[in-house]
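Heads up, the thing below is written out as structure tokens.
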Amino acid sequence: MNNYTIDEWLEKEPYLKKLSDSVLFLDKEIIDEYTLDDSKVKGTSTKLLKNLISNSDYYKYVCKLFNDEIEQFQCSYIVLGDVSGNIRLNKREIVERLEVAISNNYLELNDEEMKRFNDLKEHISLKALNNKYFNTLHDYNVDNINFTISFLDIIEFLMEYDSINDYDEYYKEIKLEYFAYGVIDFLKKNKIIDNYLLPDAITNKYQELELGDKIDIEALNQFTETTTSIINDVVIDQELKSEILVNMPDDLSLLEKAIYIYIKMCKLLRYDGEFYAVNQKGEVTKKHEDINHIKNVTLENNEIVCYEFNAIYAKLLSELNINFEINSSFVSDTYGGAHANLLFRVEKFLIEADSVTSILQGDLIRAKLNYPLEGLKCKNINLKTRKEFSNLISKIYKLIAMGDNVEKVEEHETFNDILREYKNVTENEIYLDIDEKLDLLMTKINDSKLIGLDVLSYMLLLRKIIFNSEERKYNIEIAIIRNNEFAPVDKVAMPSAIITINQIDINDVVNNTYYLYNPREPLQYITLNNLRKRFNGGSFEFVDESDKEDRIPGIYSGKGTK
Amino acid sequence: MLDKLKQINEKLIILYQNDEKNLKKQLIIKKLLEEENCFFKIDIETSYSILKDLNIPDDELRKVYQELIDIDNLKKPTE
């Protein structure tokens with residue numbers, strides 16, 4: 001271990017020597033003493049506070065700070081050539097904590113030390129702030145609009161903040177949110193809160209402004225343009241586009257139109273079942289990674305994947321002059337190859353659109369059932385903004401539902417409350433045995449005319465409403481698998497389902513009954529041996545390797561497994 | 001089918017105007033039926049219970065329920 005002194009370290013390492021211009025290096029024992037000091041003011045040792053004023057080495061750095069030669073006061077120790085144990089203070093913290101220590105008699109200062117303290121305090125007083133900035137003007141550019149505000153305007157704004165309403169559109173003839181942006185920027189850029197002793201009235205207003213509770217400025221200067229050129233090549237089938245936009249009222253706001261289009265797209269398009277069955281890998285993906293394929297997406301041939309949804313949605317947003325960004329797992333701006341969603345902004349709203357948060361239970365399914373959406377989100381921190389957005393979604397959802405002759409789109413929480421209320425008042429006691437439930441499920445699956453992933457999603461939905469949690473654990477399981485054997489000639493694979501049933505316990509595989517479901521065909525009974533042969537032979541595969549252990553008892557798990 | 005249930009519900013509301021307990025139950029059912037896909041959000045036992053409270057005979061419960069959870073009817077105009 002190299003036990004150099006501080007001076008030896010500074011001699012040895014040029015970067016430490018340079019750093020010593022702005023950092024006061026002390027022995028570790030001294031830093032530890034400050035850290036472990038029982039007497040502290042707001043986390044700062046009173047011994048350190050005393051030394052800041054009385055010790056000339058410390059005071060030198062304090063003066064550097066107050067003369068704006070350094071950004072903060074920092075003392076540290078050196079260990080193995082690295083800087084550690086950092087204690088940092090800004091101007092306001094130094095003066096405020098000294099003031100508390102003095103007024104509570106934690107410190108006694110002599111006349112010279114008291115003078116130093118008073119000088120520091122004067123240096124960051126409100127009067128000093130005023131003297132420095134009194135006649136200054138400050139220029140800003142927000143959302144490509146230039147404007148200028150004076151220091152006096154800023155102070156006036158902070159003093160009048162309580163009486164400003166969020167529905168006031170302008171302040172001193174500048175858009176309110178732009179003005180607020182300018183005020184925050186001025187305070188932050190010049191470190192006013194850190195460097196001056198301000199009345200609580202002003203500090204509190206700054207904190208409120210920053211939180212954006214009253215005036216939401218989070219979206220300003222974001223998405224001022226669209227930088228990707230990917231959508232230039234996107235061609236949307238005209239019939240599909242017409243069906244998306246038909247009945248969209250002209251008097252909807254821009255955001256309402258963006259929401260309308262998203263919901264209509266989720267209702268009209270489906271996730272590609274083959275793509276799902278191959279776990280989004282292999283040759284099947286190539287078709288989707290060609291952006292020219294989008295023109296082949298029609299009302300009849302409506303199977304898409306996430307980045308195709310994004311591309312179509314982005315194209316329609318761009319036609320409304322809404323700027324956006326495609327957010328992909330890939331770093332580059334390439335099309336396809338990884339999950340992608342869309343980010344865009346309309347006025348103060350920052351929005352994320354992801355129609356495939358989950359393949360089987362995302363908005364591509366939810367919108368068809370008028371379930372609350374989960375993929376269209378407002379990203380603003382401001383709760384009021386998020387609530388406004390949520391209300392707009394409800395409004396547009398209902399508007400579209402009325403066009404589908406649906407009377408109401410349910411608010412999920414309210415519906416559960418009503419359901420609970422019903423269960424409290426009804427006197428019926430209904431019991432359905434497992435055989436009856438299984439028979440009902442089989443009947444519904446065989447009778448369904450759905451195709452592709454829709455029927456598999458329907459199956460999972462039925463499992464949830466027909467069987468209770470115990471039954472879902474012990475009596476029935478549904479696994480979606482990749483079927484390489486019965487895929488149509490133009491497909492590599494297709495999604496199928498294996499249904500496992502047992503009146504007692506599906507983990508007792510010897511007594512299980514298995515059914516194979518292929519879309520467009522009736523359910524077929526299949527033996528466990530036959531299933532195992534097909535898995536071993538490669539005719540069947542799990543879509544997701546992590547499914548192996550749980551989803552088909554008897555295949556890699558359960559009693560009786562080889 | 002959902003429209004038929006709503007009609008039955010409305011008739012029962014009128015019938016039970018002087019029967020607070022049953023009236024309350026029917027008004028709750030009315031709120032539940034306002035969502036066309038409500039039966040996809042309710043477990044089967046509760047759905048059967050609702051149908052019984054709407055005076056659907058026991059031997060028709062399964063047939064009616066099957067129709068209610070038929071996803072093929074999702075976008076068609078209601079009866």
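No hydrogens, no waters, no symmetry mates; every other heavy atom, side chains included, goes into these values. Not measured: the values here are computed from a predicted model. Every chain is numbered from 1 and lettered A, B, ... according to where its sequence line falls, protein lines coming before strand lines.
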Q | From Ile28(B) atom CD1 to Arg420(A) atom CZ, the distance as rounded to the nearest 0.5 Å | A | 12.5 Å
Q: Applying side chain to side chain contact (heavy atoms under 4.5 Å, CB included), run through Lys464(A) and Lys41(B) and close with a yes or a no.
A: CA-CA 9 Å; Lys464(A) 202 170 160 192; Lys41(B) 298 180 188 178; over 6 Å; no
Q. Would Lys437(A) and Glu45(B) count as a salt bridge (charged side-chain N to carboxylate O under 4.0 Å, His left out) if you check the C-alpha gap in whole Å, the side-chain angles of each, and the deciding distance to 0.1 Å?
A. CA-CA 10 Å; Lys437(A) 291 186 177 188; Glu45(B) 286 87 356; 2.6 Å; yes
Q. So does Leu245(A) have more than 12 non-hydrogen atoms from other groups sitting under 6.0 Å from CG?
A. yes
**Q.** Leu61(B), part contacting chain A, at a heavy-atom distance under 4.5 Å
**A.** neither
Q | Lys21(B) with Glu427(A): basic N within carboxylate O range, under 4.0 Å | A | yes
Q. Any ion pair linking Lys31(B) and Asp417(A) (charged N to carboxylate O, less than 4.0 Å)?
A. no
Q.
Please evaluate residues Ile465(A) and Ile44(B) with respect to the criterion side chain to side chain contact (heavy atoms under 4.5 Å, CB included), reporting the C-alpha separation (whole Å), side-chain torsions for both, the decisive distance (0.1 Å), and the verdict.
A. CA-CA 6 Å; Ile465(A) 58 174; Ile44(B) 188 172; 6.0 Å; no
Q | Sidechain N-carboxylate O distance under 4.0 Å for Lys444(A), Glu67(B) | A | no
Q.
Using a 6.0 Å cut-off, check whether atom CD of Gln524(A) has over 12 heavy atoms from anything other than its own residue.
A. yes
Q | Part of Leu440(A) within contact of chain B (heavy atom distance under 4.5 Å) | A | both
Q: In sequence, state the C-alpha distance, the side-chain angles, and the governing distance for Phe40(B) and Tyr458(A), and then conclude on side chain to side chain contact (heavy atoms under 4.5 Å, CB included).
A: CA-CA 10 Å; Phe40(B) 285 99; Tyr458(A) 177 54; 3.8 Å; yes
Q) So does Tyr16(B) have more than 12 non-hydrogen atoms from other groups sitting under 6.0 Å from OH? A) yes
Q) Quick one: do the Asn468(A) and Asp43(B) side chains pair a donor with an acceptor below 3.5 Å? A) no
**Q.** Between Asp53(B) and Tyr422(A): side-chain donor-acceptor atoms closer than 3.5 Å
**A.** yes
(Q) Which one wins on heavy-atom pair count under 4.5 Å against chain B: Asp439(A), Asn424(A), Leu462(A), Leu461(A)? (A) Asp439(A)
**Q.** Other residues, nucleotides, ligands: >12 heavy atoms within 6.0 Å of Gln66(B) CD
**A.** yes
Q: Would you indicate whether the side-chain heavy atoms of Arg62(B) and Thr443(A) approach each other to under 4.5 Å?
A: yes
Q | side-chain hydrogen bond (donor to acceptor under 3.5 Å, both in side chains) involving Lys395(A) - partner list, sequence neighbours excluded | A | Glu256(A)
Q | Nearest non-hydrogen partners of Ser49(B) and Asn428(A), listed with the distance | A | O-ND2, 3.0 Å
